[in-house]
Amino acid sequence: MKFYEDGKIPVIPNMYFIYGDGGTGKTSLVRQFVGHKLLFSFDLSSNVLIGNKDVDVVIFEHQDAPNVQGLVEQMIMRAIANPKYQIIVLDNVTALQNLVLANINDSKDNRQNYQALQLWFRDLGTILKESGKTIYATAHQIDNGSDGMNNDGRFAADMNEKTFNAFTGLFDLVGRIYLKDGKRMIDMDPEKGNHAKNRIDERKLINADELIKPKGEK
């Protein structure tokens, strides 16, 4: 517990969560963040960042799977303690969730397995929130189909719903990236029924290349 007198709460860097289909450019959005980054790759999709001098990459391989929770926690704590890194990137949380669930899937009661999964991701989100770093996370999407003429409520992050809520409840921005007329767009409008929110500013739909709003811009 921390006590801040007279409402003098320190400014905490923002946390961003973007989900979408493969090939929509989720990983490449990392380039917009200013500062040195440490990217954790859980699905081996970091090739788009080859040659980027301000990105260090940790790739989790098949042999790391049985110990992925401990390795992730250990590496993230090191990144938090290292002043070299201003941004921590988790790419792709869908893959991470599947690895973690496989490790804790030792109970005949699936409810206990998913409760353990939700607890781990909630704790991870809390650590990231309290890190003092900018956080960027990605995930795949699922298409729930549409019975109407629009896509309201059709799309969601490809995660167990309660796990998604436990993890992203601490994030400032959750958006869906998609392609339309050759342009990459990010939907952050919760009223459309998809997983989305924006507590950073008033924008609800943006060009993906403008995810990071320049300081001072209205």
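Since the structure is predicted, the reported quantities are computational estimates derived from the model, not experimental observations.
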Can you check whether L124 reaches L90 side chain to side chain, under 4.5 Å on heavy atoms?
yes
Within one Ile-Leu-Val-Met-Phe-Trp-Tyr cluster: L205 and L179, side-chain cutoff 4.5 Å:
no
Give, for atom CG of L211 and atom OH of Y136, the distance between the pair rounded to the nearest 0.5 Å.
6.5 Å
Could you tell me whether the side chain of I186 reaches within less than 4.5 Å of the side chain of L29, counting heavy atoms only?
yes
Is the shortest side-chain heavy-atom distance between S28 and V30 below 4.5 Å?
no
Determine the minimum heavy-atom distance between P190 and A196, stating which atoms define it.
CB-O, 3.3 Å
Could you tell me the separation between the CG atom of D187 and the NZ atom of K180, rounded to the nearest 0.5 Å?
10.5 Å
For the pair N98 (side chain) and A95 (backbone), establish whether a donor and an acceptor sit closer than 3.5 Å, ignoring hydrogens and angles.
no
Should M159 and L96 count as side-chain neighbours, where that means a heavy-atom distance under 4.5 Å?
no
Under the 3.5 angstrom rule, does the side chain of K26 hit a backbone N or O of A137 as a donor-acceptor pair?
no
Using modelled atom types and a 3.5 Å cut-off, is there a donor and acceptor pairing between side-chain atoms of N14 and backbone atoms of T134?
no
Within the side chain of Y114, is there an N or O that forms a donor-acceptor pair under 3.5 Å with the backbone of K162?
no
G132 versus P13, closest heavy-atom pair with distance:
O-CG, 3.3 Å
In Å and rounded to the nearest 0.5 Å, what is the CE to CD1 distance from M185 to I206?
8.0 Å
Aromatic ring centroids of F33 and Y16 under 6.0 Å?
yes
Taking atom OH as the centre, does Y178 end up with more than 12 heavy-atom neighbours from other residues, nucleotides or ligands that are less than 6.0 angstrom away?
yes
Between H62 and P66 the two heavy atoms that sit nearest each other are O-CD, 4.1 Å
Could you check L173, V93, T163, V174 and say which one makes a side-chain contact (heavy atoms from CB on, under 4.5 Å) with T168?
V174
Would you say N144's side chain and R154's backbone share a donor-acceptor pair under 3.5 angstrom?
yes
With clusters defined by side-chain heavy atoms of hydrophobic residues (ILVMFWY) lying less than 4.5 Å apart, directly or transitively, does V34 cluster with L39?
no
According to the interplanar angle, ranging from 0 to 90°, do the rings of F42 and F40 count as parallel (below 30°), tilted (30 to 60°) or perpendicular (above 60°)?
parallel
When rounded to the nearest 0.5 angstrom, what is the spacing between CG in L117 and CZ in F167?
11.5 Å
Could you report the tightest heavy-atom contact between Q118 and N160, atom names first, then the distance?
NE2-OD1, 3.5 Å
So how far is it from I127 CD1 to I88 CD1, rounded to the nearest 0.5 Å?
10.5 Å
With a 6.0 Å cut-off (strictly less than), is the heavy-atom count around CD of E161, excluding the residue itself, greater than 12?
no
Could you tell me whether the side chain of D43 reaches within less than 4.5 Å of the side chain of H140, counting heavy atoms only?
yes
Considering all heavy atoms, the nearest I177-A208 contact:
CD1-CB, 4.0 Å
Output yes when a side-chain donor or acceptor of Q141 lies under 3.5 Å from a complementary backbone atom of R176, and no otherwise.
no
If only atom types and distance count, is the side chain of K133 paired as donor or acceptor with the main-chain N or O of Y85 below 3.5 Å?
yes
Among L170, D123, I135, the one residue meeting side-chain contact (heavy atoms from CB on, under 4.5 Å) with L128
I135
Donor-acceptor under 3.5 Å (R199 side chain, F171 main chain):
yes
Short side-chain donor-acceptor distance under 3.5 Å, D91 and T27
yes
K84 backbone acceptor or donor facing N82 side chain under 3.5 Å
yes
Taking the six-membered ring for Trp, is the centroid-to-centroid distance between F17 and F164 below 6.0 Å?
yes
Side-chain contact test, heavy atoms from C-beta onward, threshold under 4.5 Å: evaluate it for E73 versus W120 and give yes or no.
yes
How long is the straight-line distance from CG of L99 back to OG1 of T94, given to the nearest 0.5 Å?
11.0 Å
A side-chain contact here means heavy atoms from C-beta on lying under 4.5 Å apart; do V72 and V100 qualify?
no
Shared ILVMFWY cluster between L71 and I80, side chains joined below 4.5 angstrom?
yes
Are any non-hydrogen side-chain atoms of R184 and D209 less than 4.5 angstrom apart?
yes
I'd like to know if D201 pairs up with R203 as an ion pair, taking the criterion as any Lys NZ or Arg NE/NH1/NH2 lying under 4.0 Å from an Asp or Glu carboxylate oxygen.
yes
